[in-house]
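Reviewing the structure listed below.
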Amino acid sequence: MFFYRCILFVPGIDRKKITKAFSLGADAVVLDLEDAVAISEKDTARSVVQEVINTEKLPPAFVRVNGVHTRYILRDLQAVVNSGVLGIMLAKAESGEEVRMADWLIGLLEEEKGIPRGTLELIPFIESARGIESATEIAAACPRVKRLALGGNDYTAETWTTYSEEGTELFYARSKLVVASSAAGIEPPVDTVCPFIKNVDSLRRDALRARKMGFQGKLVIHPAQIEPVINVFSPTAKEIRTAKRIIAAFEEAEASGTGVIQLDGKMVEYPIVNRARQILSTLK
Ligand code: COA
Ligand code: MG
(Lines give C-alpha, C1' and ligand atoms only; values in the text may rest on other atoms or scores of the structure.)
(Ligands and ions follow the chains in the order given, each with its own letter.)
Protein backbone atom coordinates (compact mmCIF):
# COMPACT_ATOMS: atom_id res chain seq x y z
CA MET A 1 0.00 0.00 0.00
CA PHE A 2 1.42 3.39 -0.96
CA PHE A 3 -0.06 6.45 0.71
CA TYR A 4 0.20 9.89 -0.87
CA ARG A 5 0.38 12.40 1.97
CA CYS A 6 0.59 15.39 -0.36
CA ILE A 7 -0.05 15.70 -4.11
CA LEU A 8 0.78 19.02 -5.77
CA PHE A 9 -1.30 20.41 -8.62
CA VAL A 10 0.42 22.44 -11.31
CA PRO A 11 -1.19 24.04 -14.39
CA GLY A 12 -0.21 22.00 -17.47
CA ILE A 13 0.39 25.19 -19.44
CA ASP A 14 3.11 26.62 -17.17
CA ARG A 15 6.57 25.17 -17.92
CA LYS A 16 8.29 27.17 -15.20
CA LYS A 17 5.92 26.01 -12.49
CA ILE A 18 6.07 22.43 -13.80
CA THR A 19 9.86 22.33 -13.45
CA LYS A 20 9.62 23.86 -10.00
CA ALA A 21 6.80 21.49 -8.94
CA PHE A 22 9.05 18.45 -9.35
CA SER A 23 11.66 19.89 -6.99
CA LEU A 24 9.45 20.69 -4.01
CA GLY A 25 9.23 17.37 -2.15
CA ALA A 26 5.53 16.55 -2.65
CA ASP A 27 4.82 12.79 -2.79
CA ALA A 28 3.48 13.29 -6.35
CA VAL A 29 2.63 16.04 -8.83
CA VAL A 30 -0.52 16.36 -10.96
CA LEU A 31 -0.07 18.16 -14.27
CA ASP A 32 -3.46 19.73 -14.89
CA LEU A 33 -5.17 19.91 -18.28
CA GLU A 34 -8.58 20.79 -16.83
CA ASP A 35 -9.69 23.81 -14.82
CA ALA A 36 -6.22 25.32 -14.31
CA VAL A 37 -6.02 25.79 -18.09
CA ALA A 38 -7.97 28.47 -19.97
CA ILE A 39 -10.30 27.02 -22.60
CA SER A 40 -8.38 28.86 -25.33
CA GLU A 41 -5.13 27.16 -24.20
CA LYS A 42 -6.25 23.51 -23.99
CA ASP A 43 -4.29 22.40 -27.08
CA THR A 44 -1.13 24.22 -26.05
CA ALA A 45 -1.26 22.80 -22.51
CA ARG A 46 -1.71 19.28 -23.88
CA SER A 47 1.41 19.72 -26.04
CA VAL A 48 3.41 21.09 -23.12
CA VAL A 49 2.45 18.17 -20.87
CA GLN A 50 3.08 15.64 -23.64
CA GLU A 51 6.54 17.07 -24.19
CA VAL A 52 7.36 17.09 -20.48
CA ILE A 53 6.33 13.47 -19.94
CA ASN A 54 8.10 12.31 -23.12
CA THR A 55 11.40 14.02 -22.61
CA GLU A 56 12.13 13.86 -18.90
CA LYS A 57 12.48 11.03 -16.42
CA LEU A 58 9.79 12.19 -14.06
CA PRO A 59 9.38 11.93 -10.32
CA PRO A 60 5.93 10.46 -9.43
CA ALA A 61 3.46 12.23 -11.72
CA PHE A 62 -0.20 12.08 -12.68
CA VAL A 63 -2.03 14.04 -15.37
CA ARG A 64 -5.52 15.40 -14.77
CA VAL A 65 -7.54 15.09 -17.97
CA ASN A 66 -10.84 16.75 -18.84
CA GLY A 67 -14.08 14.88 -18.08
CA VAL A 68 -15.33 12.06 -20.33
CA HIS A 69 -18.18 14.20 -21.69
CA THR A 70 -15.89 16.97 -22.90
CA ARG A 71 -14.55 17.29 -26.42
CA TYR A 72 -10.98 17.04 -25.06
CA ILE A 73 -10.93 13.61 -23.46
CA LEU A 74 -9.78 11.55 -26.45
CA ARG A 75 -6.95 13.90 -27.43
CA ASP A 76 -5.96 14.30 -23.76
CA LEU A 77 -5.61 10.56 -23.26
CA GLN A 78 -3.88 10.01 -26.61
CA ALA A 79 -1.30 12.58 -25.57
CA VAL A 80 -0.68 11.55 -21.98
CA VAL A 81 -1.12 7.78 -21.64
CA ASN A 82 2.57 7.11 -21.29
CA SER A 83 4.82 4.86 -19.21
CA GLY A 84 6.40 7.99 -17.70
CA VAL A 85 3.33 8.76 -15.61
CA LEU A 86 1.88 6.85 -12.68
CA GLY A 87 -1.63 7.46 -13.83
CA ILE A 88 -4.51 9.63 -14.91
CA MET A 89 -6.77 11.74 -12.75
CA LEU A 90 -10.22 11.99 -14.28
CA ALA A 91 -11.92 15.37 -13.72
CA LYS A 92 -15.62 15.53 -12.85
CA ALA A 93 -16.08 11.77 -12.44
CA GLU A 94 -19.77 11.21 -11.82
CA SER A 95 -20.56 7.53 -12.34
CA GLY A 96 -19.01 4.09 -12.50
CA GLU A 97 -19.86 3.98 -16.21
CA GLU A 98 -17.87 7.13 -16.93
CA VAL A 99 -14.88 5.73 -15.09
CA ARG A 100 -15.11 2.49 -17.09
CA MET A 101 -15.21 4.51 -20.32
CA ALA A 102 -11.94 6.19 -19.36
CA ASP A 103 -10.53 2.83 -18.23
CA TRP A 104 -11.37 1.30 -21.61
CA LEU A 105 -9.75 4.12 -23.58
CA ILE A 106 -6.65 4.05 -21.38
CA GLY A 107 -6.43 0.27 -21.91
CA LEU A 108 -6.56 0.64 -25.72
CA LEU A 109 -3.90 3.33 -25.63
CA GLU A 110 -1.68 1.30 -23.30
CA GLU A 111 -1.81 -1.56 -25.80
CA GLU A 112 -1.08 0.76 -28.71
CA LYS A 113 1.95 2.15 -26.89
CA GLY A 114 3.33 -1.19 -25.74
CA ILE A 115 2.51 -0.63 -22.07
CA PRO A 116 1.06 -3.68 -20.27
CA ARG A 117 -2.71 -3.18 -20.00
CA GLY A 118 -3.74 -1.99 -16.55
CA THR A 119 -0.39 -0.34 -15.70
CA LEU A 120 -1.67 3.21 -15.26
CA GLU A 121 -3.67 4.07 -12.16
CA LEU A 122 -6.93 6.00 -12.57
CA ILE A 123 -7.93 8.46 -9.86
CA PRO A 124 -11.56 9.58 -10.15
CA PHE A 125 -11.74 13.23 -9.13
CA ILE A 126 -15.14 13.58 -7.48
CA GLU A 127 -16.38 17.13 -7.34
CA SER A 128 -20.16 17.14 -7.79
CA ALA A 129 -23.23 16.05 -5.86
CA ARG A 130 -23.83 13.32 -8.44
CA GLY A 131 -20.24 12.13 -8.08
CA ILE A 132 -20.53 12.01 -4.31
CA GLU A 133 -23.76 10.03 -4.48
CA SER A 134 -22.14 7.59 -6.97
CA ALA A 135 -18.93 7.24 -4.96
CA THR A 136 -19.61 3.63 -4.02
CA GLU A 137 -19.92 2.46 -7.65
CA ILE A 138 -17.06 4.73 -8.77
CA ALA A 139 -14.74 3.24 -6.13
CA ALA A 140 -15.58 -0.26 -7.41
CA ALA A 141 -15.67 0.65 -11.13
CA CYS A 142 -12.44 -1.12 -12.24
CA PRO A 143 -9.14 -2.42 -10.80
CA ARG A 144 -7.33 0.69 -12.05
CA VAL A 145 -9.10 2.72 -9.36
CA LYS A 146 -6.95 2.52 -6.23
CA ARG A 147 -8.05 5.75 -4.53
CA LEU A 148 -10.60 8.55 -4.98
CA ALA A 149 -9.92 12.27 -4.75
CA LEU A 150 -12.28 14.98 -3.54
CA GLY A 151 -12.70 18.30 -5.36
CA GLY A 152 -14.15 20.68 -2.76
CA ASN A 153 -14.23 23.88 -4.79
CA ASP A 154 -16.62 22.68 -7.50
CA TYR A 155 -18.61 20.68 -4.96
CA THR A 156 -19.23 23.60 -2.60
CA ALA A 157 -20.22 25.90 -5.47
CA GLU A 158 -22.60 23.29 -6.83
CA THR A 159 -24.21 22.76 -3.45
CA TRP A 160 -24.74 26.50 -2.90
CA THR A 161 -22.18 26.89 -0.16
CA THR A 162 -18.63 28.16 0.33
CA TYR A 163 -15.41 26.39 1.36
CA SER A 164 -15.05 27.61 4.94
CA GLU A 165 -12.39 27.41 7.63
CA GLU A 166 -14.73 25.25 9.74
CA GLY A 167 -15.35 22.68 7.00
CA THR A 168 -18.98 21.95 7.93
CA GLU A 169 -20.09 22.08 4.30
CA LEU A 170 -17.73 19.22 3.33
CA PHE A 171 -18.61 16.88 6.18
CA TYR A 172 -20.99 14.61 4.27
CA ALA A 173 -18.94 14.51 1.06
CA ARG A 174 -15.78 13.61 2.95
CA SER A 175 -17.48 10.89 4.99
CA LYS A 176 -19.10 9.47 1.89
CA LEU A 177 -15.75 9.11 0.08
CA VAL A 178 -14.09 7.50 3.09
CA VAL A 179 -16.87 4.95 3.53
CA ALA A 180 -17.23 4.23 -0.22
CA SER A 181 -13.47 3.63 -0.52
CA SER A 182 -13.39 1.27 2.41
CA ALA A 183 -16.50 -0.61 1.22
CA ALA A 184 -14.89 -1.11 -2.20
CA GLY A 185 -11.66 -2.34 -0.63
CA ILE A 186 -9.51 0.43 -2.11
CA GLU A 187 -7.15 2.81 -0.32
CA PRO A 188 -8.41 5.80 1.68
CA PRO A 189 -9.21 8.86 -0.45
CA VAL A 190 -7.15 12.00 -1.03
CA ASP A 191 -8.68 15.22 0.29
CA THR A 192 -9.55 18.35 -1.65
CA VAL A 193 -7.32 21.29 -2.40
CA CYS A 194 -7.66 23.98 0.29
CA PRO A 195 -8.01 27.45 -1.22
CA PHE A 196 -6.41 29.33 1.70
CA ILE A 197 -2.92 29.74 0.27
CA LYS A 198 -1.62 32.27 2.76
CA ASN A 199 -3.30 30.96 5.90
CA VAL A 200 -1.21 28.01 7.05
CA ASP A 201 -3.12 27.62 10.33
CA SER A 202 -6.40 27.20 8.45
CA LEU A 203 -4.76 24.77 6.06
CA ARG A 204 -3.39 22.74 8.96
CA ARG A 205 -6.79 22.55 10.67
CA ASP A 206 -8.43 21.61 7.37
CA ALA A 207 -5.89 18.84 6.75
CA LEU A 208 -6.15 17.56 10.31
CA ARG A 209 -9.93 17.36 9.99
CA ALA A 210 -9.55 15.33 6.79
CA ARG A 211 -6.98 13.03 8.38
CA LYS A 212 -9.26 12.40 11.35
CA MET A 213 -12.10 11.57 8.96
CA GLY A 214 -9.99 8.90 7.24
CA PHE A 215 -8.19 10.49 4.29
CA GLN A 216 -4.68 9.32 3.34
CA GLY A 217 -3.46 12.76 2.23
CA LYS A 218 -4.38 16.02 0.61
CA LEU A 219 -4.10 17.78 -2.73
CA VAL A 220 -2.29 21.12 -2.63
CA ILE A 221 -1.88 24.02 -5.04
CA HIS A 222 1.03 26.04 -3.71
CA PRO A 223 4.60 25.32 -2.55
CA ALA A 224 3.81 26.80 0.89
CA GLN A 225 1.15 24.13 1.46
CA ILE A 226 3.41 21.11 0.98
CA GLU A 227 5.31 20.91 4.24
CA PRO A 228 2.32 21.55 6.56
CA VAL A 229 0.25 18.93 4.74
CA ILE A 230 3.02 16.30 4.79
CA ASN A 231 3.38 16.95 8.53
CA VAL A 232 -0.30 16.49 9.25
CA PHE A 233 -0.50 13.26 7.26
CA SER A 234 2.59 11.70 8.84
CA PRO A 235 2.13 9.81 12.12
CA THR A 236 3.56 11.81 15.03
CA ALA A 237 6.37 10.45 17.21
CA LYS A 238 3.81 10.02 20.00
CA GLU A 239 1.42 8.07 17.75
CA ILE A 240 4.28 5.79 16.71
CA ARG A 241 5.40 5.19 20.31
CA THR A 242 1.83 4.48 21.41
CA ALA A 243 1.22 2.11 18.48
CA LYS A 244 4.38 0.14 19.32
CA ARG A 245 3.43 -0.08 23.01
CA ILE A 246 -0.08 -1.28 22.16
CA ILE A 247 1.26 -3.99 19.85
CA ALA A 248 3.90 -5.16 22.35
CA ALA A 249 1.49 -5.22 25.31
CA PHE A 250 -1.21 -7.00 23.35
CA GLU A 251 1.10 -9.60 21.83
CA GLU A 252 2.37 -10.46 25.29
CA ALA A 253 -1.21 -10.79 26.58
CA GLU A 254 -2.30 -12.78 23.55
CA ALA A 255 0.61 -15.22 24.03
CA SER A 256 -0.80 -16.03 27.46
CA GLY A 257 -4.32 -16.48 26.13
CA THR A 258 -5.84 -13.03 26.79
CA GLY A 259 -7.70 -11.13 24.03
CA VAL A 260 -8.48 -7.90 25.86
CA ILE A 261 -6.36 -5.77 28.22
CA GLN A 262 -6.20 -2.31 29.73
CA LEU A 263 -3.33 0.01 28.75
CA ASP A 264 -3.03 3.64 29.94
CA GLY A 265 -6.68 3.63 30.99
CA LYS A 266 -7.96 2.38 27.63
CA MET A 267 -9.26 -0.97 26.42
CA VAL A 268 -7.04 -2.75 23.91
CA GLU A 269 -8.48 -5.57 21.79
CA TYR A 270 -7.98 -6.83 18.21
CA PRO A 271 -9.36 -3.78 16.31
CA ILE A 272 -7.23 -1.41 18.39
CA VAL A 273 -4.11 -3.49 17.66
CA ASN A 274 -5.02 -3.65 13.98
CA ARG A 275 -5.28 0.14 13.93
CA ALA A 276 -1.88 0.43 15.64
CA ARG A 277 -0.37 -1.86 12.95
CA GLN A 278 -2.07 0.27 10.26
CA ILE A 279 -0.41 3.43 11.63
CA LEU A 280 3.02 1.80 11.52
CA SER A 281 2.39 0.52 7.97
CA THR A 282 2.07 4.10 6.67
CA LEU A 283 5.55 5.13 7.82
CA LYS A 284 7.75 6.25 4.93
N1 COA B 1 3.66 24.43 -8.61
C2 COA B 1 4.93 24.87 -8.74
N3 COA B 1 5.34 26.12 -8.43
C4 COA B 1 4.40 26.96 -7.97
C5 COA B 1 3.06 26.56 -7.80
C6 COA B 1 2.70 25.24 -8.15
N7 COA B 1 1.44 24.78 -8.02
N8 COA B 1 2.35 27.61 -7.31
C9 COA B 1 3.23 28.64 -7.18
N10 COA B 1 4.46 28.24 -7.58
C11 COA B 1 5.70 29.02 -7.57
C12 COA B 1 5.58 30.34 -8.33
O13 COA B 1 5.86 30.13 -9.70
C14 COA B 1 6.61 31.15 -7.64
O15 COA B 1 7.86 30.72 -8.09
P16 COA B 1 9.13 31.72 -8.16
O17 COA B 1 9.31 32.28 -6.77
O18 COA B 1 10.26 30.80 -8.59
O19 COA B 1 8.77 32.76 -9.17
C20 COA B 1 6.50 30.73 -6.18
O21 COA B 1 5.97 29.40 -6.22
C22 COA B 1 5.58 31.59 -5.35
O23 COA B 1 4.30 31.64 -5.95
P24 COA B 1 3.25 32.81 -5.68
O25 COA B 1 3.74 34.09 -6.30
O26 COA B 1 2.92 32.85 -4.23
O27 COA B 1 1.99 32.28 -6.44
P28 COA B 1 1.49 32.64 -7.92
O29 COA B 1 0.68 33.89 -7.86
O30 COA B 1 2.62 32.58 -8.90
O31 COA B 1 0.52 31.41 -8.21
C32 COA B 1 -1.46 30.14 -8.18
C33 COA B 1 -0.67 31.22 -7.46
C34 COA B 1 -2.70 29.82 -7.38
C35 COA B 1 -1.84 30.64 -9.57
C36 COA B 1 -0.52 28.90 -8.28
O37 COA B 1 -0.17 28.51 -6.98
C38 COA B 1 -1.08 27.73 -9.06
O39 COA B 1 -1.14 27.78 -10.28
N40 COA B 1 -1.46 26.65 -8.36
C41 COA B 1 -1.98 25.46 -8.99
C42 COA B 1 -3.39 25.69 -9.50
C43 COA B 1 -3.98 24.43 -10.08
O44 COA B 1 -3.31 23.61 -10.67
N45 COA B 1 -5.31 24.29 -9.91
C46 COA B 1 -6.02 23.13 -10.39
C47 COA B 1 -6.48 22.25 -9.32
S48 COA B 1 -7.55 23.00 -8.14
MG1 MG C 1 -12.86 21.27 -10.63
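Position 1 is the first residue of the sequence, and the numbers go up from there. In each ligand, atom 1 is the first atom listed, and ligand 1 is the first ligand listed. None of the values given here were measured: they were computed from a predicted structure.
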Audit row: Gln278, Arg275, side-chain hydrogen bond (donor to acceptor under 3.5 Å, both in side chains) steps and yes/no: CA-CA 5 Å; Gln278 235 175 29; Arg275 176 64 190 140; 2.6 Å; yes
Chi angles and distances behind the side-chain hydrogen bond (donor to acceptor under 3.5 Å, both in side chains) call for Lys42, Asn66: CA-CA 10 Å; Lys42 291 286 187 191; Asn66 292 277; 2.9 Å; yes
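When each of Arg174, Arg209, Lys212 is tested with Asp191 by the rule salt bridge (Lys or Arg N to Asp or Glu O under 4.0 Å), just one qualifies, namely Arg174.
Heavy-atom separations between Asp35 and ligand 1 are all 4.0 Å or longer. Contact annotation: Lys16 has at least one heavy atom less than 4.0 Å from an atom of ligand 1.
For Asp27 (side chain) and Arg5 (main-chain N/O), a donor-acceptor pair under 3.5 Å exists by modelled atom type.
Near Ala21, the atoms of ligand 1 lying under 4.0 angstrom from a non-hydrogen atom of the residue are 1 (N), 2 (C).
Seen from the Mg ion (ligand 2), atom OD1 of Asp154 and atom OE1 of Glu127 lie 90° apart in angle, a value rounded to 10°.
Looking at ligand 1, you'll find an N or O of Phe9 within less than 3.5 Å of one of its N or O atoms. The distance criterion of under 3.5 Å between nitrogen or oxygen atoms is not met by Leu24 with respect to ligand 1.
There is a protein heavy atom less than 4.0 angstrom from atom 6 (C) of ligand 1. Distances from atom 25 (O) of ligand 1 to the protein include no heavy-atom value under 4.0 Å. The nearest protein heavy atom to atom 30 (O) of ligand 1 is closer than 4.0 Å.
The protein heavy atom nearest to atom 27 (O) of ligand 1 is His222 NE2, 3.6 Å. Protein heavy atom nearest atom 36 (C) of ligand 1, with residue, atom name and distance: Lys17 CE, 3.8 Å.
A side-chain donor-acceptor contact under 3.5 Å links Glu169 and Ser164. Using modelled atom types, one finds no donor on one side chain facing an acceptor on the other under 3.5 Å when comparing Tyr72 with Asp43.
If you look at Phe250 and Tyr270, their ring centroids are closer than 6.0 Å.
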